[in-house]
Amino acid sequence: MTNPTTQRHIVIIGGVAGGMSAATRMRRLDETAQITVIERSGYVSFANCGLPYHVGGVIEKRDALLLQTPASLAARFRLDVRVRHEAVRIDRDRQVVIVRDLAAAAGAAAGTGTELEFPYNALILSPGASPVRPPIPGIERALSLRNVEDTDAMVAAAHGAKTAVVIGGGFIGLEMAENLVHRGIQTAVVEATAQVMAPLDPEMVAPVHDRIRRSGVALRLGAAVTAIGARDVTLANGEHLPADIVIAAIGVRPETGLAKASGLTIGPRGGIATDEHFRTSDPNIYAVGDAVEKRDGLDGSETLVPLANTANRQGRFVADVIAGRPGKDRGIQGTAIVGVFGLQVAVTGWNEKRLRAAGRPYMVVHTHPSSHAGYYPGADGMALKLLVDPATDQILGAQGVGKSGVDKRIDVIATAMAGGLTASDLADLELAYAPQFASAKDPVNMLGYAAMNTRDGLTPTIQWHELAAAMDAGATLIDVRSASEHRRGGIPGSVLIPVDELRDRLAEVPEGPAIIHCAVGVRGHTATRILRQHGWDNVRNLDGGYTTWAAGTSLTPSIN
């Protein structure tokens with residue numbers, strides 16, 4: 001029998017990913033502990049990443065999103081789960097959490113019998129993040145998506161609606177737009193910056209913009225909402241967009257109110273500061289999930305990464321720490337994927353914009369492979385981008401866009417980064433192959449080959465955004481595609497010499513600097529090697545070819 005004087009009391013504020021992972025792991029490690037979970041909403045364990053798809057009707061049954069209930073958690077894990085309870089204060093001296101019973105408070109006279117006290121030996125904060133809601137006139141009409149109650153409100157609002165405006169072009173905003181369109185609702189997306197999906201670089205996001213527009217969405221980039229009316233949204237340029245429903249998906253910020261009120265340290269990025277064991281500035285209080293600052297895996301700086309898998313991992317880890325198991329947190333890469341109207345859009349690590357802003361040297365590789373062997377039916381094209389440290393060959397980041405196969409390529413690269421593999425090591429990975437799943441040289445292998453060729457100086461490259469300046473400085477641009485490809489679309493100022501004719505037409509290649517381009521870079525690599533072995537030292541291949549250049553300059557070839 002457990003001695004109540006020695007029994008540990010673990011209190012967890014906030015459920016869902018981080019909180020529930022901590023609670024269930026804690027029980028598996030300590031059968032005797034008193035574990036209490038305090039959850040402000042009416043649902044403690046649900047599939048928050050599936051919420052937009054219930055709004056859209058893709059996930060038809062609401063109950064499919066509800067993973068566990070207080071009763072099921074009590075039966076299996078002996079957890080004391082209090083939904084509709086809100087932690088209002090932490091008495092750190094007494095090690096007590098003061099909790100308000102929201103259901104009782106709603107039906108009782110103010111201040112009578114609605115507050116409870118829960119003592120703790122260890123307290124875990126997992127309050128998550130709250131939606132950003134700027135002070136736009138009429139913002140109270142805009143719906144946000146955080147929990148099941150929000151989902152219910154959106155489903156009700158969508159019933160009978162014909163038009164919608166989504167404010168924000170991030171992950172949640174695009175998922176909401178796709179699901180509203182799935183319901184047959186005419187939808188507009190308003191994004192204040194020049195692109196959706198901030199983790200993507202401009203040439204990688206171009207096909208995403210194209211797919212959004214082709215799916216019937218009115219995409220307004222570089223646009224600000226100035227007012228939300230009863231049936232429309234007004235933009236700064238005076239445009240009025242019809243809106244039976246308005247969704248605010250502008251972003252999230254760490255939920256730190258309770259931590260601040262309790263005197264815990266808040267970090268430079270606005271999240272709860274913790275050490276490598278998720279201890280806050282109070283050694284008896286821990287914090288995990290979207291509310292905390294993480295350590296960036298590349299440079300060790302503080303960062304905010306509101307991802308469910310990260311919260312789940314941290315919840316499990318903090319339970320290990322409290323139970324006395326060894327280990328420490330690792331850096332965050334920010335690996336993520338989202339579906340956008342049939343496209344897979346995935347990222348890991350840093351993008352080029354961030355590397356450039358930080359002044360960090362980098363090398364870029366663009367490829368445009370097929371999802372599996374081209375001769376097997378159903379192969380889809382994709383765009384991949386790899387960012388590499390030119391001195392150490394360290395993989396700094398990657399991005400991918402395509403209809404299929406992007407998920408596993410980004411996952412392989414993210415795993416390689418976590419394991420300390422270099423870009424050149426990607427060439428030697430032994431990956432599963434059959435023609436319906438991949439190519440004998442997998443797209444990940446090809447990124448490694450291309451990185452090696454550039455690193456070793458076999459095929460120097462130039463990026464799409466550097467081309468105009470190089471041509472202005474006197475470089476000759478040679479298109480080594482076929483004549484028919486050149487006629488369908490060429491880079492202004494280019495000279496056509498198909499690669500199969502190049503050896504016989506060397507006299508037509510100027511002695512000065514030359515830049516080679518083909519469709520995606522493969523034939524350009526061959527042509528560059530031909531010229532360099534025939535005495536042309538100052539020749540470079542346009543990385544990613546015409547396809548990357550066209551995307552970067554907004555001509556936007558689609559990913560079919």
Side-chain angles (χ1 to χ4, degrees), residues 10-31 33-87 99 102-103 124-131 143-156 171-172 175-176 179 252 255 278 286-292 305-320 322 335-339 407:
I10 312 297
V11 176
I12 301 169
I13 299 176
V16 200
M20 292 316 304
S21 291
T24 54
R25 176 67 169 175
M26 195 72 239
R27 173 58 73 222
R28 293 186 182 102
L29 297 176
D30 187 344
E31 183 65 14
Q34 172 63 43
I35 303 172
T36 305
V37 180
I38 307 299
E39 170 57 41
R40 181 167 50 193
S41 77
Y43 302 88
V44 72
S45 179
F46 57 89
N48 51 356
C49 294
L51 300 180
Y53 299 94
H54 177 57
V55 175
V58 177
I59 299 174
E60 297 181 5
K61 294 183 178 180
R62 179 179 180 274
D63 288 350
L65 300 171
L66 307 180
L67 307 179
Q68 296 282 356
T69 66
S72 67
L73 291 165
R76 182 167 300 177
F77 296 104
R78 294 297 187 266
L79 301 178
D80 180 7
V81 177
R82 307 292 183 102
V83 296
R84 298 284 294 155
H85 282 64
E86 180 180 16
V99 174
L102 298 177
I124 303 172
L125 303 181
S126 181
S130 57
L143 302 174
S144 296
L145 186 62
R146 183 184 185 187
N147 53 35
V148 177
E149 289 88 347
D150 293 340
T151 306
D152 292 341
M154 283 193 185
V155 170
F171 282 55
I172 298 297
E175 286 179 337
M176 286 308 311
N179 280 283
V252 297
E255 186 68 74
F278 297 109
Y286 303 78
V288 297
D290 295 352
V292 308
V305 181
L307 294 173
N309 56 359
T310 301
N312 271 301
R313 183 180 61 80
Q314 291 182 342
R316 175 187 171 92
F317 180 86
V318 78
D320 284 1
I322 294 171
T335 307
I337 189 168
V338 65
D407 52 346

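Numbers for residues simply follow the sequence, beginning at 1.
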Quiz prompt | Derivation and outcome, side chain to side chain contact (heavy atoms under 4.5 Å, CB included), residues Leu66 and Tyr43 | solution = CA-CA 8 Å; Leu66 307 180; Tyr43 302 88; 3.8 Å; yes
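- Atom-to-atom distance recorded for Glu31:CD and Arg78:CZ is 8.0 Å, nearest 0.5 angstrom.
- Across all non-hydrogen atoms, the minimal contact from Pro70 to Val83 is CG-CG1, 3.8 Å.
- Of the residues listed (Arg27, Met26, Arg28), the one engaging Thr24 in a side-chain contact (heavy atoms from CB on, under 4.5 Å) is Arg28, and it is the only one.
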Self-check item: side chain to side chain contact (heavy atoms under 4.5 Å, CB included) between Leu51 and Leu65, intermediate numbers included
Solution: CA-CA 7 Å; Leu51 300 180; Leu65 300 171; 3.8 Å; yes
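- With rounding to the nearest 0.5 Å, the separation of CG in Asp150 from CG in Asn48 is 11.5 Å.
- Glu149 contributes no side-chain N or O that, together with a main-chain N or O of Ser41, makes up a donor-acceptor pair within less than 3.5 Å.
- Of the possible polar contacts, none joining the His54 side chain to the Pro52 backbone as a donor-acceptor pair under 3.5 Å is found.
- Glu39 contributes a side-chain N or O that, together with a main-chain N or O of Gly15, makes up a donor-acceptor pair within less than 3.5 Å.
- Taking CZ of Phe317 as the start and CD1 of Ile322 as the end, the distance is 11.0 Å to the nearest 0.5 Å.
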Quiz item: What do the steps show when you test Val44 against Gln68 for side chain to side chain contact (heavy atoms under 4.5 Å, CB included), and what is the final call?
Solution: CA-CA 7 Å; Val44 72; Gln68 296 282 356; 5.5 Å; no
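- Closest heavy-atom contact between Ser21 and Asn312: OG-OD1, 2.6 Å.
- Met176 is listed as a side-chain neighbour of Leu145, based on a closest heavy-atom distance under 4.5 Å.
- Taking all atoms of both residues into account, the shortest heavy-atom contact from Thr335 to Asn309 is O-ND2, 4.3 Å.
- Interatomic distance, CD1 of Ile10 versus CG of Leu79, reported as 11.5 Å (0.5 Å rounding).
- Closest approach of Arg25 and Ala319 over heavy atoms only: CG-CB, 3.5 Å.
- The CD1 atom of Ile13 sits 13.5 Å away from the CZ atom of Arg82 when rounded to the nearest 0.5 Å.
- Nearest heavy atom pair, residue Val37 against residue Ala23, reads CG2-CB, 3.9 Å.
- Residues Ala17 and Ala308 come closest through the heavy atom pair CB-O, 4.0 Å.
- Remark: side-chain polar atoms of Arg146 are paired, donor with acceptor, to backbone N or O of Ala129 under 3.5 angstrom.
- Taking OG1 of Thr151 as the start and OH of Tyr53 as the end, the distance is 13.0 Å to the nearest 0.5 Å.
- The one candidate from Leu73, Thr36, Ile35 that meets the side-chain contact (heavy atoms from CB on, under 4.5 Å) condition with Asp80 is Thr36.
- The main-chain N or O of Gly289 is found under 3.5 Å from a side-chain atom of Gln314 such that the two form a donor-acceptor pair.
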Exercise. Evaluate the side chain to side chain contact (heavy atoms under 4.5 Å, CB included) criterion for residues Glu255 and Asp290: first the C-alpha distance (whole Å), next the side-chain angles of each, then the deciding distance (0.1 Å), finally the verdict.
Key: CA-CA 8 Å; Glu255 186 68 74; Asp290 295 352; over 6 Å; no
